[in-house]
Every structure is written in C-alpha cells, then in structure tokens.
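Numbering of residues begins at 1 and proceeds along the displayed sequence.
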Amino acid sequence: MPAAEEASGAETLATLVELEPESAIAHFTYGRALFLEKKYEAATRSMKNAIRCNPHYLLSYLIGGQAFEKLGDKEAANAFYVSGLQAAK
C-alpha cells in the first residue's frame with residue numbers, strides 16, 4: 001500500500017474495537033493511539049469506554065486525565081484522576 005493510503009495507527013486499532021467492543025484493552029489501546037495522534041476528544045471517549053468495560057483498568061484514568069488536560073479542561077482531568085484513585089482502592 002502506498003504511504004499516502006496507509007491507515008493511521010488509530011484507524012487500524014478502530015477495527016480491533018469493532019471486533020472486541022467489550023474489551024477494555026481494545027478501547028485503551030485505541031485511545032492511546034488517538035492521544036498520540038493528538039486527537040484528544042476522541043481519546044477521552046475511548047478511555048471512558050475502556051473504564052466502562054473494566055473500571056479497574058487504571059491506565060485509562062491516567063491517559064483520559066492527560067487528554068482532558070491537553071483540551072484545557074482541568075476539572076474533567078481532575079475528576080478522571082480522582083476516579084482512578086478511587087478505583088485503585
């Protein structure tokens with residue numbers, strides 16, 4: 001496939017989410033790729049889905065909080081971090 005037609009990492013991982021919609025790991029991996037591509041709003045949605053699938057998948061709270069920080073939403077970031085701390089108990 002020519003470089004111009006290659007799918008991004010996140011686009012490729014979107015297929016994984018479609019195949020495994022109840023997998024926290026799939027949603028987290030997709031969201032992390034979105035975060036790395038600076039698609040922060042989409043990353044927060046993916047992290048929320050990862051948490052819905054497994055509320056104890058703690059890295060989802062960290063990356064979700066960081067994405068909210070990048071969006072300038074300190075309140076939402078803080079809420080993500082606090083929820084992650086509560087989930088860790």
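With rounding to the nearest 0.5 Å, the separation of CD in Glu22 from CG in Asn54 is 11.5 Å. In this structure, CZ in Phe68 is found 12.0 Å from CG in Asn78, a value given to the nearest 0.5 Å. Atoms CD1 and CG, from Ile63 and Leu36 in turn, are 8.0 Å apart once rounded to the nearest 0.5 Å. Summarising the geometry, atom OG belonging to Ser46 is positioned 12.0 Å from atom NZ belonging to Lys39; distances are rounded to the nearest 0.5 Å.
Looking at heavy atoms from C-beta onward, Gln66 lies out of side-chain contact with Phe80 at the 4.5 angstrom threshold. Considering only heavy atoms from C-beta on, Met47 stays 4.5 Å or farther from Phe35 through its side chain. Considering only heavy atoms from C-beta on, His27 stays 4.5 Å or farther from Glu20 through its side chain. Side-chain contact between Leu62 and Tyr81 is present, with heavy atoms from C-beta onward closer than 4.5 Å. When side chains are defined from C-beta on, Tyr57 counts as touching Ile25, because their heavy atoms get closer than 4.5 Å.
His56 places a side-chain N or O within 3.5 Å of a backbone atom of Ala87 that can act as its donor or acceptor partner. Judged by distance alone, the side chain of Thr44 and the main-chain N or O of Glu41 form a donor-acceptor pair under 3.5 Å.
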*Worked check of side chain to side chain contact (heavy atoms under 4.5 Å, CB included) between Tyr30 and Leu16*: CA-CA 8 Å; Tyr30 177 49; Leu16 176 62; over 6 Å; no
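Across Ala76 and Asp73, no two heavy atoms sit closer than the pair N-OD1, 3.0 Å. Of all heavy-atom pairs between Gly84 and Leu58, the closest is O-CD2, 3.7 Å. Considering all non-hydrogen atoms of both residues, Ala50 and Ser60 come closest at CB-OG, 3.3 Å. Counting all heavy atoms, side chain and backbone alike, Gly65 lies closest to Ala77 at O-CB, 3.3 Å. What you find for Cys53 and Pro21 is that their closest heavy atoms are SG-O, 3.7 Å.
A continuous path of Ile, Leu, Val, Met, Phe, Trp and Tyr side chains, each step under 4.5 Å between heavy atoms, connects Tyr40 with Leu59, placing both in one hydrophobic cluster. Residues Ile51 and Phe28 share a hydrophobic cluster, clusters being chains of Ile/Leu/Val/Met/Phe/Trp/Tyr side chains in contact below 4.5 Å.
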